[in-house]
Structure formats: structure tokens, C-alpha cells
Amino acid sequence: MPELPEVETTVRGLRPVLEGQRIERVTVNRPDLRRPFPHDLGQRLTGATVTGLGRRAKYGLVETDRGDTMVFHLGMSGRWRIDPAEAGKHDHLLLDTPGHRLALNDARRFGSVDLVPSAELAAWPPFAALGPEPLGPDFSAAHLAAAFDGRIAPVKLLLLDQRIVAGLGNIYVCEALHMAGIAPVREVGRIARARLARLVDAVREVLEAAIAAGGSTLRDYARPDGELGYFAKQWRVYGREGEDCACGAPVLRRVDGGRSTFWCAKCQR
DNA sequence: ATCTGCTCCTGTTTGC
DNA sequence: TGCAAACAGGAGCAGA
């Protein structure tokens, strides 16, 4: 599942083959993913030179010299294939530069591609309400305390709220809560400040470890170069229902609205 | 404003 | 063996 670390890994993988390159050809094999591509995507990208790559939350950013930024979201199954040996069944968008072919492949089509004037990115509706980057300076215990104040929702739910912190998904929220010793169902308004500080540290630690490992994988995530990430092996609770936590107690799983939560009732209170 | 629950999509895994 | 149901889940939205 591409969460922040996987998107960061993807961007880092794309940078050497895209930065400074001219997009000579754009092929749209299918005009939409989760929502339609911009109708003039090909026209606006063809001939443009990529001036930089970046990331905001779980979105990848491809900035061009035309004043546009292509914003992509990988959804659940999205990945960029670099110089694929053969056409993939779900290669929805192809970008050809003088040296490489890039294919955006997304079997489950939960992803998106948009073209946004670079100067208006911050005000672009999907970005306008995003919270701070979890690896940035504005994500702190004080920030969480303010965001959680007076609310009764379970902490896991609010950590998934991109308006509070931008970039966490189901996997890393489960992992960070375990690392911080906080139960997923804990009401946010009843978490002591010191524990929020631990949570902030845990979020940063788990994300940085995942980026260092090259991004996680479940089944269908691949790095841009096609190599599978391997951080999955380091998960403490995610996907480990019934196995022993490091403390010896079993890892538990519950499902809310079709979404799984993994935790240890002994370590997390 | 907050919260719950549903929808989208399809390849893979699980269960009978 | 074969087929159906479950499962993965980010984001957006309706409705209470």
C-alpha cells in the first residue's frame, strides 16, 4: 500500500530518470483512474521539461517548466514502472523521455493524476486542508494536543485524518501506535501530553525506518525500478494477527468498516 | 463541527 | 477442483 514512505521511495526512484528530461511523448491508454485525467493532459505535458520532483502527503509531484505540476496519487496498487520490458495490462499512462519510458500502472485504479498550476498547488482543493508533514517541523505533541483537544474519536481514526497529519495510512498508524504503547481505540482527548510526544517520535521513527528500507510492500507494490520493498518484514503488528508480540502476548485484529486494525492489548493502553 | 458508514476498483487469497 | 466470498484500503461524500 503506497503510504508516505512508498511515495517518497517512488519519487526518489523517479528523480534520476525524469529530472531535467523533456517529455517527448505522452500516451494515455485509459482516460481515468479514480477520476478522469485532465482532458488536455497530453497536450500540456508533451514537450515540457521536468524541473523537479517532490512529495506532499501521499501525493507525488512532477514539476515542469510550463508552470504546471503533475500530481499523482498511487492509491492502493499504483506504481511507476521504469523502462518496462513489455506493456503491462494496467499501464494507464506512458511518458517517454529521450532516455526512458515511464508507465503508471494501477490495477485497482484507486490512484489519480492531475495537472495543477505550480503556483496554485497549496490552494489546490486536495491540498488546501492537509495537515503538517509528519517528518516536518510542524508535527509535534503541541500540534496533536491542539488537534485532539475535546474530541472523543479513537486515536487511530484521527491519525488517518489527513487534515491532522498528512501521509499516514493504515499500516504505519498501526505500527506507530504499537511503538508508542497507545491502544488504537484510545480516545484522543484522554492521552497525556507525554504520551503524545512518544507518539510523535514513534510516527517519525516508523516512517524514517520504512523510507530507509525502501518502502513497504504487501503484494503488489514495487519500487520504480521493479524491486520489491522489504520493510514488511519489520512490521511489529500489522498483518500479524495471532502471532506473538515481542512481549509474548498475541497480536489482535479487529475490523471496523472493512478496515483492519492490529495491536497488542498488553503493550498498548 | 464531528462522527459513522458507505462507495469506488479488481487481482489475490481464503473458505466451503 | 471450482466457484463464491472475503480482502486489501485512500479519499470523498452523504446523512445523522
Side-chain angles (χ1 to χ4, degrees), chain A residues 1-11 29-37 55-61 71-79 81 87-93 104-114 116 124-131 133-134 144 146-177 184-190 203 207 210 215-222 228-229 231-232 235 237-242 251 253-263:
Chain A
M1 301 308 128
E3 295 185 24
L4 184 154
E6 289 75 24
V7 179
E8 181 64 31
T9 300
T10 295
V11 165
N29 289 329
R30 175 176 180 129
D32 63 304
L33 290 176
R34 193 172 189 282
R35 53 176 180 266
F37 294 156
R55 178 190 59 75
R56 175 73 170 111
K58 301 171 194 168
Y59 294 86
L61 310 175
V71 184
F72 65 85
H73 195 295
L74 297 174
M76 279 185 68
S77 56
R79 60 202 170 107
R81 307 170 70 212
K89 185 180 177 188
H90 303 288
D91 289 347
H92 305 303
L93 175 66
L104 178 62
N105 185 286
D106 186 357
R108 278 167 254 181
R109 301 184 49 243
F110 265 38
S112 62
V113 174
D114 292 283
V116 183
W124 185 51
F127 281 9
L130 284 180
E133 287 287 325
L144 283 186
F148 290 173
D149 184 45
R151 300 185 65 174
I152 61 169
V155 61
K156 188 206 174 196
L157 201 61
L158 292 200
L159 288 177
L160 289 171
D161 186 336
Q162 305 298 297
R163 296 168 298 184
I164 292 177
V165 55
L168 296 181
N170 203 38
I171 295 172
Y172 297 113
V173 165
C174 287
E175 292 297 299
L177 286 171
V185 294
R186 170 67 53 186
E187 291 182 14
V188 288
R190 297 178 55 204
V203 165
L207 293 179
S216 293
T217 178
L218 277 190
R219 296 173 186 85
D220 47 16
Y221 176 77
L228 291 175
F231 187 67
W235 292 338
V237 287
Y238 188 86
R240 294 191 180 278
E241 179 187 17
V251 172
R253 170 177 180 249
R254 61 177 273 163
V255 179
D256 304 284
R259 200 129 308 158
S260 291
T261 298
F262 298 89
W263 83 107

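All values below were derived from every heavy atom in this structure, side-chain atoms included, with hydrogens, water molecules and symmetry-related copies excluded. Chain naming here is simple, since letters A, B, ... match the order of the sequence lines and numbering starts at 1 in each.
Among dC8(B), dG11(B), dA11(C), the nucleotide with an atom closest to any side-chain atom of K89(A) is dG11(B). Comparing dG10(C), dA8(C), dC3(B) against the side chain of I152(A) picks out dC3(B) as the nearest. With dC7(C), dG11(B), dA11(C) as the choices, the nucleotide that has an atom nearest any side-chain atom of R253(A) turns out to be dC7(C).
Close to dA11(C), at under 4.0 Å from its OP1 or OP2, lies no side-chain N or O of R109(A). Between H90(A) and dC9(B) there is no side-chain N or O to OP1 or OP2 distance below 4.0 Å. For the OP1/OP2 pair of dA11(C) and a distance below 4.0 Å, the side-chain nitrogens and oxygens of K58(A) include at least one atom meeting the criterion. Dashed line: the shortest gap from a side-chain N or O of H73(A) to OP1 or OP2 of dG10(C) is not under 4.0 Å. For the OP1/OP2 pair of dA8(C) and a distance below 4.0 Å, the side-chain nitrogens and oxygens of S260(A) include at least one atom meeting the criterion. Regarding contacts with the backbone of dG10(C), every side-chain N or O of Q162(A) stays at 4.0 angstrom or more from both OP1 and OP2.
T261(A) places none of its side-chain heavy atoms less than 4.5 Å from the side chain of L177(A).
Partners of R259(A) according to the salt bridge (charged side-chain N to carboxylate O under 4.0 Å, His left out) rule, which considers only residues two or more places apart in sequence or in another chain, do not exist here. Here S112(A) pairs with nothing under the side-chain hydrogen bond (donor to acceptor under 3.5 Å, both in side chains) rule; sequence neighbours left out.
One finds the CZ atom of F72(A) at 11.0 Å from the CG atom of L93(A) (value rounded to the nearest 0.5 Å). Between atom CH2 of residue W263(A) and atom CZ of residue R254(A) there is a gap of 6.0 Å, rounded to the nearest 0.5 Å.
Distance CG (N105(A)) to P (dC9(B)): 18 Å, rounded to an integer number of Å. Distance R259(A) CZ to dT4(B) C1': 13 Å, rounded to the nearest Å. Atom CG of D106(A) is separated from atom P of dA8(C) by 18 Å (rounded to the nearest Å). In this structure, R163(A) places its CZ atom 12 Å from C1' of dC13(C), rounding to the nearest Å. To the nearest angstrom, P of dC3(B) lies 8 Å from CG of L157(A). The distance from atom CG of L159(A) to atom P of dC3(B) is 13 Å, rounded to the nearest whole Å. Atom CG of L160(A) and atom P of dG12(C) are 14 Å apart (whole Å). Note: CD (E241(A)) to P (dT13(B)) measures 18 Å, nearest angstrom.
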Q.
Quick one, R30(A) with D32(A), criterion salt bridge (Lys or Arg N to Asp or Glu O under 4.0 Å). Give me CA distance, side-chain angles, the key distance, then yes/no.
A. CA-CA 6 Å; R30(A) 175 176 180 129; D32(A) 63 304; 3.4 Å; yes
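With hydrogens and angles left out, the side-chain atoms of N105(A) and K89(A) include no donor and acceptor closer than 3.5 Å.
Checked for salt-bridge contact, E187(A) and R151(A) miss the test: no charged N lies under 4.0 Å from a carboxylate O.
Contact of R108(A) with dG10(C) (side chain to base): no donor-acceptor pair of N or O atoms is detected under 3.5 Å. For R34(A) and dA11(C), a side-chain-to-base donor-acceptor distance below 3.5 Å is present, hydrogens and geometry of angles not being considered.
Residue-level contact check: L33(A) touches neither bases nor backbone, having no heavy atom under 4.0 Å from any strand. Using a 4.0 Å heavy-atom distance criterion, S112(A) is classed as making no nucleic acid contact.
At its two ends the helix from dT2(B)-dA16(C) to dC16(B)-dG2(C) runs along axes set 50° apart, each axis drawn from five pairs and the angle rounded to 10°.
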